[in-house]
Amino acid sequence: VSIIGSNVTDCSAYYFGGVVLAQNSKSLSVAGVAFINNRADFSDSVLSLNTIEQTSISNASLTGNNGVTIQTINSPIDWVCRLGSWMLTEGSFKGDFSVPECNLCPAGYYGNRSGR
């Protein structure tokens, strides 16, 4: 499944995955997407990923989405981050953030390639 070059706004779900609920799938690719003001009543207002073999997220922003925005279970994410930045590959992600900015590495630590 691919979500490319889109603005995804005001989606909602009663339980999980306000935008995407994906389970037991080969791949998910997200590129050039802005996720804005999405929600899920229980959790995972943008992406709820369970056992996805390969997930890639690049050039994406998440703004104004409620609670946990992305939740992964057995679904590592390959974030395409700028050099000198990083993201966890699995777990719960909250708040507003964007890729490729990601999280800055601590002072004095940086890599020579993008991603993890």
Novice: Not counting sequence neighbours, which residues clear ring pair (Phe, Tyr, Trp, His ring centres under 6.0 Å) with F42? List them please.
Specialist: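 With neighbours one apart ignored, the set is F16.
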Novice: Could you pull out every donor-acceptor pair under 3.5 Å between side chains of residues 19-40 and any protein atom, sequence neighbours left out?
Specialist:
| residue | atom | partner | partner atom | Å |
| --- | --- | --- | --- | --- |
| N38 | OD1 | D10 | N | 3.3 |
| N38 | OD1 | C11 | N | 2.8 |
| N38 | ND2 | V8 | O | 3.1 |
| N38 | ND2 | I36 | O | 3.3 |
| N38 | ND2 | N65 | OD1 | 3.0 |
| R39 | NH1 | D41 | OD1 | 2.1 |

Novice: Can a donor-acceptor pair be found, under 3.5 Å and without considering hydrogens, that links the side chain of N59 to the backbone of P100?
Specialist: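 Such a contact is absent between N59 side chain and P100 backbone.
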Novice: If you look at every heavy atom in A60 and I57, which pair is closest and at what distance?
Specialist: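 Scanning both residues, the minimum pair turns out to be CB-CG2, 3.9 Å.
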Novice: Would you say W86's side chain and C102's backbone share a donor-acceptor pair under 3.5 angstrom?
Specialist: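 Looks like no, no N/O pair under 3.5 Å.
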Novice: Using the rule given for side-chain contact (heavy atoms from CB on, under 4.5 Å), can you reason through L62 versus I70, listing the C-alpha separation, both sets of side-chain angles and the distance that settles it, and then say yes or no?
Specialist: CA-CA 10 Å; L62 294 92; I70 299 174; 4.0 Å; yes
Novice: Taking side chain as C-beta onward, heavy atoms only, is T55 less than 4.5 Å from T72?
Specialist: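 The answer is no, as the side chains (C-beta and beyond) never meet within the 4.5 Å cut-off.
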Novice: Should V99 and L104 be regarded as members of a common hydrophobic cluster, given that ILVMFWY residues are connected when their side-chain heavy atoms come within less than 4.5 Å of each other, either directly or indirectly?
Specialist: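 Per the 4.5 Å side-chain linkage, V99 and L104 are not co-clustered.
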Novice: What pair of heavy atoms forms the shortest contact from E90 to P76, and how long is it?
Specialist: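 That would be CG-CA, 3.5 Å.
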Novice: Do the side chains of V1 and W79 join up, straight or via other hydrophobic residues, at under 4.5 Å, putting them in one cluster?
Specialist: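 In one cluster: yes.
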Novice: Got more than 12 heavy atoms from elsewhere within 6.0 Å of CD, Q54?
Specialist: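 Atom CD in Q54 is not packed in, count stays at 12 or less.
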Novice: How far does CG of D44 sit from CD1 of I73, to the nearest 0.5 angstrom?
Specialist: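 It is 7.5 Å, given to the nearest 0.5 Å.
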Novice: Report yes or no: do S48 and Q71 form a side-chain donor-acceptor pair below 3.5 Å?
Specialist: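 No pair is found: no donor N or O on one side chain lies under 3.5 Å from an acceptor on the other.
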Novice: Check whether any side-chain N or O of S43 sits under 3.5 Å from a backbone N or O of V68 as a donor-acceptor pair, and report yes or no.
Specialist: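 Between the backbone of V68 and the side chain of S43 there is no qualifying donor-acceptor contact (under 3.5 Å).
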Novice: Are the side chain of T69 and the backbone N or O of F93 linked by a donor-acceptor pair below 3.5 Å?
Specialist: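 Indeed, once roles are kept as given, a pair shorter than 3.5 Å links the two residues.
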Novice: Distance check, rounded to the nearest 0.5 Å: T89 atom OG1 versus D78 atom CG?
Specialist: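 If we round to the nearest 0.5 Å, T89:OG1 and D78:CG are 9.5 Å apart.
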